[in-house]
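All remarks here apply to the structure that follows.
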Amino acid sequence: MRTLIKNGTIVNADATTRADILIDGEQVALIGSDLDVSADRTIDASDRWVIPGAIDVHTHMELPFGGTFAKDTFETGTRAAAFGGTTTIVDFAVQPRGGSLRQGLDAWMEKAQGKAVIDYGFHMIVSDVRDDVLSEMDQLVDEGITSFKLFTAYPGVFFSDDGAIFRAMQQSATNGGLIMMHAENGLAIDVVAAEDVAAGHTDPYYHGTSRSPVLEGEATNRVIRLAEVAEAPVYIVHMSATDALNELRQARNEGLPAYAETCPQYLFLTLDDLGNGFEGAKFVCSPPLRPAEHAEELWKGLQTGDLQVVSTDHCPFDFHGQKDLGQGDFRKVPNGLPGVEDRVDLLHDGGVVAGRISPNRWVEVIATAPARMFGMPQKGTISVGADADVVIYNPNRTRTISAATHHMDVDYSCYEGREVQGKSETVLSRGRVIVDNDEFLGSPGDGRFLKRQRPNRG
Ligand code: URP
Ligand code: ZN
Ligand code: ZN
């Protein structure tokens, strides 16, 4: 199958070009002006941008959390991602406590195979660092699972102590993998949260206030310094606070290989969203939403390059039947927000349209940098030989975000009623059109497991 995309404006991270694109099979075969070649199908991209399919390196399909499971499956979640212009995800497989990494990986492979409609890779959540687990990390890196998430948060669930984190970092220094850190001081947070509940402060708002940004800054500094001594790079996930960003800036100014992502919820939502009684449960995630001034600093971090990636941390729980497990005690609200469908448009609207970042930087943070940092050189760019993951994007079309129209399997939207400018109109995954003008044309099982290379920290 040969597809010719005519008259579009290609927006890559490094350049914007008016050119046609010939796709042959699953890859981009030719890029040039006024291509005069035969094709089975021609797509007219006049007045449209042609961007690389976006890559979301932080999703949790079916994550077990707080006595329930994140609601999207690999089928519903990747379908929603595709509608939003995302053609690759990297999800988190979870090591069962006391079990092996292999058991966790096998379980997540099982969830994804035959279901995902777009390509997918896995990071591994390591919650029980043992000698045998350290050896397994080496094997997994060779098998394309080249990044590992550890937590200074969630004591008794995913938490690792500093010694365990340090050992995992030492291992990654030798095997070339990347340690990703959830950096909040979970032990201190649990003390504050217990005090809040004992004082009758049980509403979701106290989820936000009990998780001080200082405790995110402290944990961020700690894991960066552990990585420094282990001589390993470190990637901080879902950074939400100025306190943490300042620690990252300091480390990067010293030349340390420290990196971070933020997420749309920390750029567009605030602590106030956690108010309004139990409605605030819709916005319970960790780290929590912060006062508005933190968001402005995060935008600056994206502008300067101190933050490299915007991912979603997509982890959806229904308001009715899941979030309400935390009625009367905010600690029992399952942590996580839906978002895989809206990232590309939110970042276009709040970033490009609002004049904060250029179209090229937008492509970089949603596609190119994630591909480079997480070992997927065939993705994140429109160039000859790359996978033909291509989005025909209309930068002028507006839409209103709503749970009534989104494709994520969750009963609310964090952005209900927000109008955004910019929309993915046609989405190709390895040369196949999987979304065309609001119609889904893909199939479960079309997505392939990505054996990722070792991260290129670039
Ligand atoms: O609240 C969140 N972020 N839920 C998902 C698990 C995690 O920590 O990433
Ligand atoms: Zn986390
Ligand atoms: Zn997460």
Side-chain angles (χ1 to χ4, degrees), residues 56-72 77 81 89-95 104 108 120-127 147-160 165 168 178-186 189-190 193 204 207-208 210-211 213 215-216 219-220 223 234-241 244 259-267 269 271 273-274 280-290 309-319 322-323 325-326 330-340 343 370 374 408 410 414:
D56 191 343
V57 292
H58 192 149
T59 67
H60 300 283
M61 306 305 170
E62 301 177 50
L63 176 76
F65 198 108
T68 184
F69 288 83
K71 185 102 180 298
D72 267 318
I89 61 165
V90 186
D91 203 88
F92 288 84
V94 182
Q95 175 198 15
W108 258 257
Y120 58 93
F122 292 116
H123 318 280
M124 175 61 66
I125 286 179
V126 182
S127 53
S147 35
F148 303 87
K149 182 179 177 189
L150 287 91
F151 296 72
T152 60
Y154 309 135
V157 187
F158 297 133
F159 175 88
S160 291
I165 292 166
L178 180 64
I179 298 297
M180 310 167 77
M181 288 301 315
H182 179 137
E184 290 184 285
N185 188 324
I189 285 167
D190 276 8
H207 171 80
S210 67
R211 305 180 84 91
L215 295 177
E216 187 181 338
T220 300
V223 300
V234 64
Y235 177 97
I236 314 296
V237 294
H238 46 46
M239 187 170 280
S240 75
Y259 309 93
E261 63 178 22
T262 189
C263 311
Q265 52 270 35
Y266 304 119
L267 297 167
L269 305 173
L271 178 63
D273 289 298
L274 278 161
K282 291 177 176 171
F283 300 91
V284 167
C285 59
S286 295
L289 304 181
R290 304 293 188 189
V309 170
V310 178
S311 64
T312 62
D313 196 8
H314 176 75
C315 189
F317 298 99
D318 274 344
F319 182 59
Q322 293 190 293
K323 289 283 190 185
L325 291 168
F330 66 82
R331 296 173 299 178
K332 297 190 176 140
V333 178
N335 284 206
L337 307 184
V340 75
R343 175 183 63 131
F374 288 94
M408 298 175 285
V410 61
C414 293

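Everything numeric in this text was worked out from a predicted model, so none of it was measured. Whatever order the structure lists them in is the order used to number ligands and atoms, beginning at 1. Quick note: residue numbers are just sequence positions, from 1.
Looking only at its N/O/S atoms, His182 has ND1 as the one nearest to the Zn ion (ligand 2). Its N, O or S atom nearest to the Zn ion (ligand 3) is what matters here, and for His60 that atom is NE2. Nearest N/O/S atom of Asp313 relative to the Zn ion (ligand 3): this is OD1.
Residue-ligand proximity, His58 to ligand 1, at heavy-atom distances under 4.0 Å covers atoms 9 (O). Atoms of ligand 1 found under 4.0 Å from any heavy atom of His182, numbered from 1 in the order shown, are 8 (O). Counting the atoms of ligand 1 from 1 in the order shown, those under 4.0 Å from a heavy atom of Cys285 are 1 (O). Residue contact check: Asp313 has heavy atoms under 4.0 Å from atoms 2 (C), 3 (N), 5 (C), 9 (O) of ligand 1. Atoms of ligand 1 found under 4.0 Å from any heavy atom of Phe151 (numbered from 1 in listed order, with element): 8 (O). Close approach to His60 involves these atoms of ligand 1, each under 4.0 Å from a residue heavy atom: 5 (C), 6 (C), 7 (C), 9 (O).
Among all non-hydrogen protein atoms, the one lying nearest atom 7 (C) of ligand 1 is Lys149 NZ, 3.4 Å. Looking only at protein heavy atoms, the nearest one to atom 1 (O) of ligand 1 is Ser286 N, 2.8 Å. Shortest contact from atom 4 (N) of ligand 1 to any protein heavy atom: Asn335 O, 3.0 Å.
Side-chain contact check for Asp91 and His60: no donor-acceptor pair (N or O, by modelled atom type) lies under 3.5 Å. If you check the side chains of Thr312 and Arg343, you find no donor sitting under 3.5 Å from an acceptor. With hydrogens and angles left out, the side-chain atoms of His314 and Thr59 include no donor and acceptor closer than 3.5 Å.
Taking the six-membered ring for Trp, Phe69 and Phe317 have ring centres at least 6.0 Å apart.
Ion pairing between Glu216 and Arg290 holds under the 4.0 Å rule for side-chain N and carboxylate O.
Using cut-offs of 30° and 60° for the angle between ring planes, the His58 and His238 rings count as tilted. Between Tyr154 and Phe158, the angle of the ring planes goes over 60°, which puts this pair in the perpendicular group of the 30/60° scheme.
For the pair Tyr154 and ligand 1, a heavy-atom separation below 4.0 Å is found.
Annotation: cation-pi geometry satisfied between Lys149 and Phe92 (NZ/CZ under 6.0 angstrom from ring centroid, within 45° of ring axis).
Residue contacts to the Zn ion (ligand 3): His58 brings an N, O or S atom closer than 2.8 Å. Taking backbone and side-chain atoms together, Lys149 has an N/O/S atom less than 2.8 Å away from the Zn ion (ligand 2).
A distance-only check finds a donor-acceptor pair linking the side chain of Tyr266 to the backbone of Pro287 [under 3.5 Å]. The backbone N or O of Pro334 lies less than 3.5 Å from a partner atom in the side chain of Lys323, making a donor-acceptor pair.
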